[in-house]
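Just so it is clear, the model here is predicted, and its values are computed rather than measured. Naming convention: chains lettered A, B, ... in sequence-line order (proteins, then strands); numbering from 1 in each chain.
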Amino acid sequence: MRVDIDVRHLARIEGHGNIVVRIADGDLKEARWDVVETPRFFEVMLKGKHFSAAGILAARICGICSISHCLTAVRATERAFGVTVPDAAARLRLLAKHGETIQSHVLHFFFLAAPDFLGLSSAIPLVEADPEVLQRALRLKGLANRLCDAVAGRTTHPVAFQPGGVSMVPEKRVLSAIRNELEDGLDDLHATARLLATFEIPDFERETEFVALRGEREYPFIGGRLVSSDGVERAENEYLEMTNEAVVAGNTSKWSSLSRESYAVGPLARCNLNFELLHPEARQIAANLGLAPLCHNPFMAHVARLVECVHCAHEAIRLVDEIVSSGDEPAMVAVAPVAGEGVGAVEAPRGILFHHYRYGGDGRIESANCVVPTAQNNGNIHRDLPDFVRQMVESGVNDDQRLELLCSMLVRSYDPCLSCSVH
Amino acid sequence: MKYLGIDSVRPRIAVFELTGCEGCELQLANKEETLAAFLDAVEVVNFREISSSSSDDYDIAFVDGAVSRADEVERLEVIREHAKVLVALGSCACFGGVSRLKNAFDLNEANREVYGDRPQETLPVRAVSEVVAVDLEIPGCPVSKDEVERIVQHLIWDVPYHFPAYPVCLECKQRYTVCTYEVGLLCLGPITRAGCNAPCPAGGLGCWGCRGPAVEANAEEFLTTVHERGFTNDEIAERMSFFGGFEGLLP
Ligand code: SF4
Ligand code: SF4
Ligand code: SF4
C-alpha cells in the first residue's frame with residue numbers, strides 16, 4: 001500500500017497549515033501537521049504600549065476570539081495593578097464571553113465542520129440544498145453576534161472593555177430583547193443536536209492529557225486555577241509551569257507539553273475537567289450524544305462545542321435576568337498604574353489563553369508573553385496524526401482521498417486558529 | 001439580480017488572506033440577515049477559510065492582511081494576474097494595520113526574542129498597494145460589512161463607489177454619543193474617514209483612526225484644538241500610528 005497526502009494550506013480552518021502523510025510498502029513513514037502562518041510578533045509590538053492600548057492591540061491577534069484576547073489582556077493588566085473590577089463589569093464581561101463562545105462554536109460547526117459530514121465542500125450549497133439548516137445556522141450566529149454587539153460594542157474587536165471595568169453599559173431593553181432570542185436559540189440548538197446525532201463521528205481514541213481552567217462553583221471562563229487530567233494543578237500566575245512552550249523546526253507556531261509529549265485544550269478539555277458544572281440540559285445533550293468524561297476521542301469536540309453552546313445560552317439568560325433586575329451600579333473603577341507583573345487566564349472558545357505583562361511605573365508594558373490555545377494544541381494534533389492514520393488503515397481505509405479527508409477532519413475537529421497560534 | 005431593469009452578471013469572487021487576524025473576511029460571513037442574499041448575488045469560487053473547493057477563475061479578489069513574507073509577495077502577484085478587480089480589504093491590507101507597529105522594532109532582535117535560536121522568515125510590513133496595483137481600498141479594523149455590501153453592489157452595477165469624505169465626528173454626533181473630549185479622552189474622530197458609524201467613541205474608547213484620514217478633515221485646526229486641551233504631539237502621533245493609516249501625516 002502506498003499513500004502520499006500533501007495538503008497545502010488546509011481549507012476550512014483559520015490560518016495556514018499543511019498536512020503531510022506518507023505510507024510506503026504498507027509502512028507509515030511520515031505523518032505531520034505543520035503551521036506555516038506568517039508570524040506577527042505581537043509580544044514585541046506590545047512593548048512600550050500604554051496600558052489603555054493593551055486590550056485594543058491584543059484583540060487584533062484574532063478576528064474570531066477578539067473578545068477573549070481583549071479580556072485576557074485587560075485581566076493581566078488589572079492583576080498587575082491590583083485592580084478588582086465591580087460585579088456589574090464582571091457580569092457584562094462574562095455575558096460577552098458567552099456571546100463569543102456561541103458565535104465561534106456555531107461558525108465552526110456549520111461553516112467549517114458540518115460540510116465534511118454532509119459531503120459538501122462548504123456550507124454555501126446549503127443555500128439551495130438545505131435552506132432550513134442554513135437559516136438555523138444564520139439565526140444562531142446572528143443572535144450571538146447581536147449579543148456581542150450589544151455588550152462588547154462590536155462583534156469583532158470589542159470597544160467596551162478597558163482596565164477597570166466596562167466603559168459602555170448596554171440598555172436593559174436591548175438585553176431583554178436578546179433574552180427572548182436566546183430562548184428561541186435553545187430550540188435551534190436542540191435541532192442542531194439532532195443533526196449532529198446523524199453525523200458519523202470517526203471512532204478514534206488516543207490517551208491525551210487535557211488542560212483547562214477549573215471552576216469552583218461555575219463552569220470556568222475568566223480566571224481560576226489551572227488543572228490537567230493527569231493531576232497537575234497550578235495557580236493562574238504559574239502558567240509557565242503548565243505550558244512549557246518550545247520552538248520546533250518547520251513551524252511558526254510553538255508547541256506545548258506538560259506530563260506527556262503534548263496536551264490538548266479547548267471545549268473537550270473543559271468538558272472533561274468541569275463536566276458536573278455544566279447546566280443540566282447541557283449535560284443531558286452530552287449524554288444523548290455519547291459524551292462523558294474522560295473522553296479521549298478528539299472528534300467528540302464537536303459534541304463538546306454544542307454542549308457548551310447550550311450551557312452558554314442558559315447562562316446568558318441567567319446573567320441578563322440578573323443585570324436587568326439590578327440597579328445602575330458603576331461598572332468602572334479608576335486605575336492607577338504601578339510597576340509590576342500580571343497574568344490573565346481566560347477560556348477562549350478554542351481553549352485556555354494566557355497573557356502575561358510586566359509594567360513599568362509609567363503604565364507602559366516592558367515585556368509581554370502570550371500563550372494561545374491553538375499553539376498548545378498544535379503539538380497534540382501532530383501527535384494524533386500517526387496514531388489516527390494507523391488506526392484508520394487498520395480499520396480498512398485504503399484510498400488516498402478518503403484518508404486525506406479523514407486527516408483534514410481530524411485537524412478541523414480541533415478548530416485550529418493559526419493566526420492566533422503565531423500571534 | 002436587476003438594477004434599473006438591467007440584468008447584471010453574478011461576479012465570481014475570491015477571498016485571500018495575508019498577515020492579519022482574518023477578522024475582515026469574517027465580516028463577510030457576518031450580517032446574517034443578508035448573507036443568503038449576498039451569496040445569491042455573487043458566486044464565491046475561492047474562500048479557503050470556509051470552503052475546500054477553489055478556482056483561479058475569478059473577477060473580484062478580496063485580499064485581507066498585510067504583506068510580511070516573501071511567499072505572500074508571490075501569492076499576491078499571482079492574484080493580481082488573475083483578478084479583474086483587486087480589493088484591499090481592511091486596514092492591514094490598506095495600510096499595514098496594527099502589524100505595521102512591528103516596523104518600529106529591530107526585526108532580528110524581535111525574532112530572537114520570540115523564537116530564540118530558530119528565527120523565522122519575516123519582512124517589514126507593507127500594505128498591499130506597496131506590492132501590486134490595487135483597484136479599491138476598503139479600510140477598517142475590521143471593515144464594516146454594510147459598507148462592503150454597498151461596494152459589492154456598486155461593483156456588480158459598475159457604478160463608482162464614493163466613500164464618505166466627512167470625518168467620523170459626523171456619524172458620532174448622529175448617534176448622540178457624549179464627546180470623549182468632554183471626559184478628557186483623546187479622539188481622532190475629527191480627522192478620520194467616516195463609514196464605520198463611530199462605534200469606538202460610543203464604547204468610551206475614542207476613535208483610534210483605523211480607517212485613515214478623512215478627505216474633508218482640517219488637520220491644522222484639529223491639532224490646535226487638541227493642543228489646547230492639553231494633548232502633546234507625541235500622544236497624538238502615537239495614536240495616529242496605531243493602525244498605520246496616517247503615515248506621512250504625523251505631527
Ligand atoms: S484590519 Fe483589523 S480586523 Fe482586518 S485583518 Fe487586519 S487586524 Fe484583522
Ligand atoms: S467623540 Fe470623537 S468622533 Fe465623537 S464627536 Fe467627539 S471628537 Fe468627534
Ligand atoms: S471609530 Fe475610529 S477607530 Fe473606531 S472603527 Fe471608526 S474609524 Fe475605526
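The contact between Gln27(B) and chain A is made entirely by side chain atoms (from C-beta outward), counting heavy-atom distances below 4.5 Å. At a 4.5 Å heavy-atom cutoff, Glu128(A) makes no contact with chain B through either its backbone or its side chain. For Ala249(A), the parts lying near chain B are the backbone and the side chain together; criterion is any non-hydrogen pair under 4.5 Å. Contacts between Glu14(A) and chain B at a heavy-atom distance below 4.5 Å involve backbone atoms as well as side-chain atoms. For chain A, no part of Cys92(B) is nearby; none of its heavy atoms comes within less than 4.5 Å. When heavy atoms are compared at a cutoff of 4.5 Å, Asp117(B) does not approach chain A at all. Heavy atoms of Phe105(B) lying under 4.5 Å from chain A belong exclusively to its side chain. Of the two parts of Ala53(A), the backbone and the side chain both hold a non-hydrogen atom closer than 4.5 Å to a non-hydrogen atom of chain B. Within the 4.5 angstrom heavy-atom criterion, atoms from both the backbone and the side chain of Ser99(B) approach chain A. Both the backbone and the side chain of Leu205(B) come within contact range of chain A, each with at least one heavy atom under 4.5 Å from a heavy atom of that chain. Proximity to chain A (any heavy atom under 4.5 Å) is shown, for Phe47(B), by neither the backbone nor the side chain. If you measure heavy-atom distances from Thr155(A) to chain B, the contacts under 4.5 Å come from the side chain alone. Interface remark: Arg146(A) contributes side-chain atoms only to the contact with chain B (heavy atom separation under 4.5 Å). At a 4.5 Å heavy-atom cutoff, the contact between Leu101(B) and chain A is made by backbone and side-chain atoms alike. Proximity to chain B (any heavy atom under 4.5 Å) is restricted, for Asn251(A), to the backbone atoms N, CA, C and O. Using a 4.5 Å cut-off between heavy atoms, Ala110(B) contacts chain A through both its backbone and its side chain. Residue contact with chain B, scored on non-hydrogen atoms closer than 4.5 Å, involves the backbone and the side chain of His9(A) alike. Both the backbone and the side chain of Lys47(A) come within contact range of chain B, each with at least one heavy atom under 4.5 Å from a heavy atom of that chain. Heavy atoms of Val169(A) lying under 4.5 Å from chain B are absent altogether.
Considering SG of Cys196(B) and CZ of Arg154(A), their distance stands at 7.5 Å, rounded to 0.5 Å. To the nearest 0.5 Å, atoms CG (Asn103(B)) and CZ (Phe41(A)) are separated by 11.5 Å. Taking NZ from Lys145(B) and CG from Asn145(A), the interatomic distance works out to 10.5 Å, rounded to the nearest 0.5 Å. Separation of atoms SG (Cys24(B)) and NE2 (His157(A)) is listed at 7.0 Å; rounding is to 0.5 Å. Note: Glu49(B) CD to Leu112(A) CG = 7.0 Å, rounded to the nearest 0.5 Å. Put simply, CG on Leu57(A) and CZ on Phe242(B) are 4.5 Å apart, with the number rounded to the nearest 0.5 Å.
Options Gly97(B), Ala104(B), Pro199(B), Cys141(B) differ in how many heavy-atom pairs under 4.5 Å they form with chain A, and the most are formed by Cys141(B). Across Ser52(B), Ala66(B), Gly23(B), Gly204(B), the residue that shares the most heavy-atom pairs under 4.5 angstrom with chain A is Ser52(B). By number of non-hydrogen pairs under 4.5 angstrom with chain A, the leading residue of Leu18(B), Ile50(B), Val44(B) is Ile50(B). Among Gly153(A), Cys417(A), Gly142(A), the residue with the largest count of heavy-atom pairs under 4.5 Å with chain B is Gly142(A). The candidate with the highest count of non-hydrogen atom pairs below 4.5 Å against chain A, out of Gly20(B), Gly116(B), Ala29(B), is Gly20(B). Residue with the most contacts toward chain B among Leu10(A), Leu134(A), Ile61(A): Leu10(A) (heavy-atom pairs, distance under 4.5 Å). Among the candidates Ala160(A), Ala137(A), Pro39(A), the residue making the largest number of heavy-atom pairs closer than 4.5 Å to chain B is Pro39(A). Among Glu17(B), Arg239(B), Arg118(B), the residue with the largest count of heavy-atom pairs under 4.5 Å with chain A is Arg118(B).
Closest non-hydrogen pair, Asn30(B) versus Lys141(A), comes out as OD1-NZ, 2.7 Å. Among all heavy-atom pairs drawn from Ser53(B) and Ser121(A), the shortest one is OG-OG, 3.6 Å. The shortest non-hydrogen separation linking Val114(B) to Lys254(A) is O-NZ, 2.7 Å. Taking each heavy atom of Ile56(A) and Trp208(B) in turn, the nearest pair found is CD1-CZ2, 3.2 Å. Residues Ser51(B) and Ala11(A) share a closest heavy-atom pair of O-CB, 3.3 Å. In terms of heavy-atom proximity, Gly203(B) sits nearest to Ser167(A) at O-OG, 2.6 Å.
For CZ of Arg8(A), the number of neighbouring non-hydrogen atoms (other residues, nucleotides, ligands) closer than 6.0 Å is 12 at most.
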Item to complete: Apply side-chain contact (heavy atoms from CB on, under 4.5 Å) to Leu107(A) and Leu26(B), showing your working.
Response: CA-CA 10 Å; Leu107(A) 176 79; Leu26(B) 184 68; 3.6 Å; yes

* To do: Could you walk me through whether Asp71(B) and His16(A) pass the side-chain contact (heavy atoms from CB on, under 4.5 Å) test, one step at a time?
  => CA-CA 12 Å; Asp71(B) 61 322; His16(A) 299 86; over 6 Å; no

Candidate pair Glu72(B) and Thr38(A), rule side-chain contact (heavy atoms from CB on, under 4.5 Å), full reasoning: CA-CA 9 Å; Glu72(B) 293 182 328; Thr38(A) 37; 3.1 Å; yes

Subject >> Audit row: Val98(B), Arg40(A), side-chain contact (heavy atoms from CB on, under 4.5 Å) steps and yes/no >> reply: CA-CA 10 Å; Val98(B) 291; Arg40(A) 288 187 298 156; 5.7 Å; no

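With no hydrogens or angles considered, no side-chain donor-acceptor pair links His50(A) and Glu238(B) at under 3.5 Å.
In this structure, Arg48(B) contributes its side chain and Gly15(A) its backbone to a donor-acceptor pair below 3.5 Å.
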